[in-house]
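What follows is a short report on a single structure.
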Amino acid sequence: MPELPEVEYTARQLRDSVIGAEIGDIQVFWERTIGHPGAQDFAAEVVGKRISGVRRRGKFLLIDLLPATSTETTAATDFLSIHRRMTGNLLLLPPGWEIDTSLRESDAAAWHTRGPTLLARLTAALVTERGQPIKLSDTEYCRVCFTFSDGRRLIYTDPRKFGRVECWPLQREDEVFANLGPEPLSNDFTAGTLANALARRKTSIKQALLDQTIVVGLGNIYADEALFAARIHPLRRADSLTQAESAALRDSIVAALTLGIEHGGTSFSDYRGLWGEAGENYNHVRVYQQDGKPCIRCGTLIERRVIAQRSAHFCPTCQTLAVTVG
DNA sequence: ATTTAGACCTGTCAGC
DNA sequence: TGCTGACAGGTCTAAA
């Protein structure tokens, strides 16, 4: 689900709320969510550590950890890496919320799919430090729960169980992310670097933009939005873009991602911010899931078709198709 | 060497 | 009311 804007937005929320927090306990309710090390070793690595920083790399949310006994100046020794894939979310619960595991005994099938429920949801009036009520659905599909020493809980929820939570030594970060391309919101991402990467690809531009080795952070929503803004048809061969088109596409990618962050991310179903709130960017989307509606530029109806096993949404009139794939 | 289908998972919605 | 199939912010792996 989350693409770069949703991960970045959550990272900023976490940075404002959990720096300095000490992880007092951890519960894993779906072991496969822990990608590294194993579910058992994970707790040993993480419990007792203190959060010293929150970062983002592509669609990965990174939480820097240092031993709780260390001083202010000690450098982090490990980091948590969280990739939410399709339906993962992070929620920060104030003290008083309890994890209810009674389902484990009473209904094995329901426990298998949903995991624990959250007891305090039943008492409604709980309010976050932001002064806003937490909005949770009936079942939150809690997979991993971090309990801080101050009583707050950071829970990782994920109905479809695709997401992964990992812990790595800091010195292995480069190795872990060795296959990732440039950050689109950094100075590394120029029209030239994008053009060079695309020139080596014979596939569709849509598929190339989803490839995290070319540029990180784009998913189905923002790839479609960027191609629309740059007036490039999703079926254009990646290596057929002109220099001018590559430059326009670079700018459109940056603009689409920046706008997404400003709107708190795009929610149409599952994505939520740290306090359960929906992102507002879906109201500003111009082609994604807009098939059948008129193009805002020319009035032609937006089309949807499958490209590289994913839905692509585009305007067949103003997104030019000079050279096709296949 | 690339492409593509399948796997991983569960929920929702449209259509019969 | 139930069933079936299509589809959903992603990525990895195995087969063609």
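Proteins get letters first, then strands, A, B, ... in listed order; numbering begins at 1 in each.
Contact annotation: the side chain of A:Glu183 approaches that of A:Arg56 to within less than 4.5 Å [non-hydrogen atoms, C-beta and beyond]. Side chains of A:Phe42 and A:Thr33 form no contact here, defined as non-hydrogen atoms less than 4.5 Å apart.
Here A:Lys59 reaches the OP1 or OP2 of C:dT11: one of its side-chain N or O atoms lies under 4.0 Å away.
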Protein-nucleic acid N or O pairs under 3.5 Å, nucleotides 6-8 of chain C:
from, atom 1, to, atom 2, distance (Å)
C:dA8, OP1, A:Ser311, OG, 2.4
C:dA8, OP2, A:Ser311, OG, 3.2
C:dA8, O3', A:Tyr288, OH, 3.4
C:dA8, N3, A:Arg160, NH1, 3.2

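Linking ILVMFWY residues whenever their side-chain heavy atoms come closer than 4.5 Å, directly or via other members, leaves A:Val216 and A:Phe162 in distinct clusters.
Between A:Phe60 atom CZ and C:dC12 atom C1' there is a gap of 11 Å when expressed in whole angstrom units. At whole-Å resolution of the value, CG in A:Asp158 and C1' in B:dG11 are 13 Å apart. Rounded to whole Å, the distance from CZ on A:Arg164 to C1' on C:dC12 is 10 Å.
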> For DNA chain B, what is the dot-bracket line, given that a base pair needs Watson-Crick (N1 to N3, plus N6-O4 or O6-N4) or G-U wobble (N1-O2 and O6-N3) geometry with both distances under 3.5 Å, and | means paired with another strand?
Replying inline: .|||||||.|||||||

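The side chain of A:Arg32 lies closest to B:dC8, out of C:dG10, B:dC8, B:dT10. Of the candidate nucleotides B:dT3, C:dG10, B:dT10, B:dT10 has the atom nearest to the side chain of A:Tyr141.
Ion pair A:Glu245/A:Arg236 flagged as a salt bridge, since at least one NZ, NE, NH1 or NH2 atom sits closer than 4.0 Å to an Asp/Glu carboxylate oxygen.
For A:Leu218 against A:Ala223, the heavy-atom pair with the smallest separation is CD2-N, 4.1 Å.
Relative to the six-membered ring of A:Phe29, A:Arg104 misses at least one condition, a distance below 6.0 Å or an angle of at most 45° to the axis.
If you check the side chains of A:Arg84 and A:Thr10, you find a donor sitting under 3.5 Å from an acceptor.
Residue side chain A:Phe162 meets the stacking definition with respect to B:dC8: its ring centre sits within less than 5.5 angstrom of the base's six-membered ring centre, and the planes differ by less than 30 degrees.
Within the model, atoms CD1 of A:Ile23 and CD1 of A:Ile63 stand 7.0 Å from one another, a figure rounded to the nearest 0.5 Å.
The residue A:Thr113 sits close only to the backbone: its heavy atoms come under 4.0 Å of sugar-phosphate atoms, none of a base.
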